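The next block holds one structure in the form of structure tokens; read it before the comments.
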There are 2 protein chains.
Amino acid sequence: MFSKACEYGIKASIFIAINSYEGRRVSPKEISKEIDSPQAFTAKILQDLVRHNIINSVKGAYGGFEIDKDKIASTKLSQIVNAIDGDKVYNHCGLGLHTCDENHPCPVHDKFKTIRAELKDMLENTNLEELALDIKSGLTFLKI
Amino acid sequence: MFSKACEYGIKASIFIAINSYEGRRVSPKEISKEIDSPQAFTAKILQDLVRHNIINSVKGAYGGFEIDKDKIASTKLSQIVNAIDGDKVYNHCGLGLHTCDENHPCPVHDKFKTIRAELKDMLENTNLEELALDIKSGLTFLKI
DNA sequence: CACAAATAGGATAAAATTATCCGAAATAAA
DNA sequence: TTTATTTCGGATAATTTTATCCTATTTGTG
Ligand code: FES
Ligand code: FES
């Protein structure tokens, strides 16, 4: 469904959010340990998220990655997915036709678009805050 | 969502179904032309579908690929997807945890499983016959 | 039987994704 | 200002997916 890069990006963002609530910046090393991902690869993805203005980075001693506290609740899953995987999850034809077009539909278009729309809806209506809170309260997990 | 191989496999199966209704066998060359896919790669996928008993192949002169007419309506999309991409569409955790487990859920588990279940349901309740009929009546298309 | 027409299957190649490594640049503290 | 720490960014490598090519095998027909 999502690329590995996107999976790592989502999990990293959640972990950063949790720590930002406590005013703590985190490093790629901590993050990759906590979400069980390759460190250098994760660092690349973090750079990408910084460029897309989803997280902040602070260089130098006592630096690390963080998210503005008041931005956590308004950051949608869709923004992260879009930053890393682009818009293909939303727009790509299920059978790979060049464009998903209502006037030139592939055989699964009608059935597929419903599911794709629900996925889109889900991603656009899920924010980092709720995901972070569930982790904090031990309801959900970031690894294994 | 699906791999290229799976997309090709689905489109090829539909095209084979259409022709099987007319008692015509088709070659990888015809198929790849009709679904706009690389010929040799498509041939590999066809072999895979044969091994999974989804289509039949007949070697030698006047040979080609076909599907038993009375099997078309009972062949589900899920069988094709399962043959080529395996069961990951149904079982894989949205964030890549080793197993999708109700007792050890990832942050998006609850929201994700609903969508995944609908996808599964869609694939299990869509058969080759309906897809082939829509193509025949010009309602849907296999390429561009 | 010999030949032509097809699929089967192994060996490679190309491209995309995932992953690693290392030096440069920035920054805070001593 | 020097040093330690940390992100940034380019180069490279490994793996997986996608794609091609060539030969073997099967099978119907003359
Ligand atoms: S045309 Fe294929 S999903 Fe819309
Ligand atoms: S645990 Fe991630 S989707 Fe179920």
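From a predicted model like this one, the values you see are computed outputs, not experimental measurements.
- Across the protein-nucleic acid pair, A:Leu46 atom CG and D:dG9 atom C1' stand 14 Å apart, rounded to whole Å.
- Between A:Gly63 and A:Arg51, the residue anchored nearer the 5' end of DNA chain D, judged by the nucleotide with its closest heavy atom, is A:Gly63.
- Minimum interatomic distance between B:Pro107 and A:Leu131 (heavy atoms only, all atoms of both residues): O-CD2, 3.3 Å.
- Between A:Arg25 and A:Glu66, at least one side-chain N (NZ, or NE/NH1/NH2) sits under 4.0 Å from a carboxylate O, which counts as a salt bridge.
- Closest heavy-atom contact between A:Ile54 and A:Ile67: O-CG2, 3.9 Å.
- On the nucleic acid side, DNA chain C contacts chain B at distances under 4.0 Å to non-hydrogen atoms, with the end points of that region at C:dA5 to C:dA11.
- One can place CG of B:Asp85 at 11 Å from C1' of D:dT17, the figure rounded to the nearest angstrom.
- We find that B:Glu7 and B:Lys4 are joined by a salt bridge, their nearest charged nitrogen and carboxylate oxygen being less than 4.0 Å apart.
- Contact between A:Ile35 and A:Ala12 at its shortest, heavy atoms only, is CD1-N, 3.9 Å.
- Taking a cutoff of 4.0 Å between a charged side-chain nitrogen and a carboxylate oxygen, A:Glu118 and B:Lys111 do not qualify as a salt bridge.
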Please tabulate, one pair per line, each protein N/O and nucleotide N/O from nucleotides 23-29 of chain D that are separated by under 3.5 Å, including the distance.
none

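- With rounding to whole Å, B:Phe2 atom CZ is found 17 Å from D:dT17 atom C1'.
- Using cut-offs of 30° and 60° for the angle between ring planes, the B:Phe2 and A:Phe112 rings count as tilted.
- Here the shortest heavy-atom pairing between A:Ala17 and A:Ile72 reads O-CD1, 3.7 Å.
- Using a 4.0 Å cut-off between a side-chain N of Lys or Arg and a carboxylate O of Asp or Glu, A:Lys136 and A:Glu22 qualify as a salt bridge.
- For the segment residues 12-35 of chain A, residues with any heavy atom less than 4.0 angstrom from an atom of DNA chain D are, sorted by number, A:Val26, A:Ser27, A:Pro28.
- Here the side chains of A:Ser20 and A:Lys71 are not in contact, with every heavy-atom distance at 4.5 Å or above.
- Side-chain contact check for A:Asn127 and A:Thr75: no donor-acceptor pair (N or O, by modelled atom type) lies under 3.5 Å.
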Inset, instruction - Evaluate the criterion side chain to side chain donor-acceptor pair (under 3.5 Å) for residue pair B:Thr42 and B:Ser37; output intermediate values, then yes/no. - result: CA-CA 7 Å; B:Thr42 306; B:Ser37 68; 2.6 Å; yes
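- DNA chain D is contacted by B:Pro38, B:Ala40, B:Phe41, B:Lys44 of residues 36-45 of chain B, taking any non-hydrogen atom closer than 4.0 Å.
- Within the structure, ring-ring contact (aromatic ring centres under 6.0 Å, His included) pairs that include any residue of residues 120-140 of chain B do not occur (at least two apart or interchain).
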Inset, instruction - Evaluate side chain to side chain contact (heavy atoms under 4.5 Å, CB included) for B:Val108 paired with A:Leu77, printing each intermediate quantity in order. - result: CA-CA 10 Å; B:Val108 302; A:Leu77 222 41; 3.7 Å; yes
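- A close approach under 4.0 Å does occur between a side-chain nitrogen or oxygen of B:Tyr8 and OP1 or OP2 of D:dA19.
- Comparing the helix axis at one end of the helix from C:dC1-D:dG30 to C:dA30-D:dT1 with that at the other, each defined from 5 consecutive pairs, gives an inter-axis angle of 0° (nearest 10°).
- A salt bridge is defined here as a Lys NZ or Arg NE, NH1 or NH2 lying under 4.0 Å from an Asp or Glu carboxylate O, and B:Lys11 with B:Glu34 fails to meet this definition.
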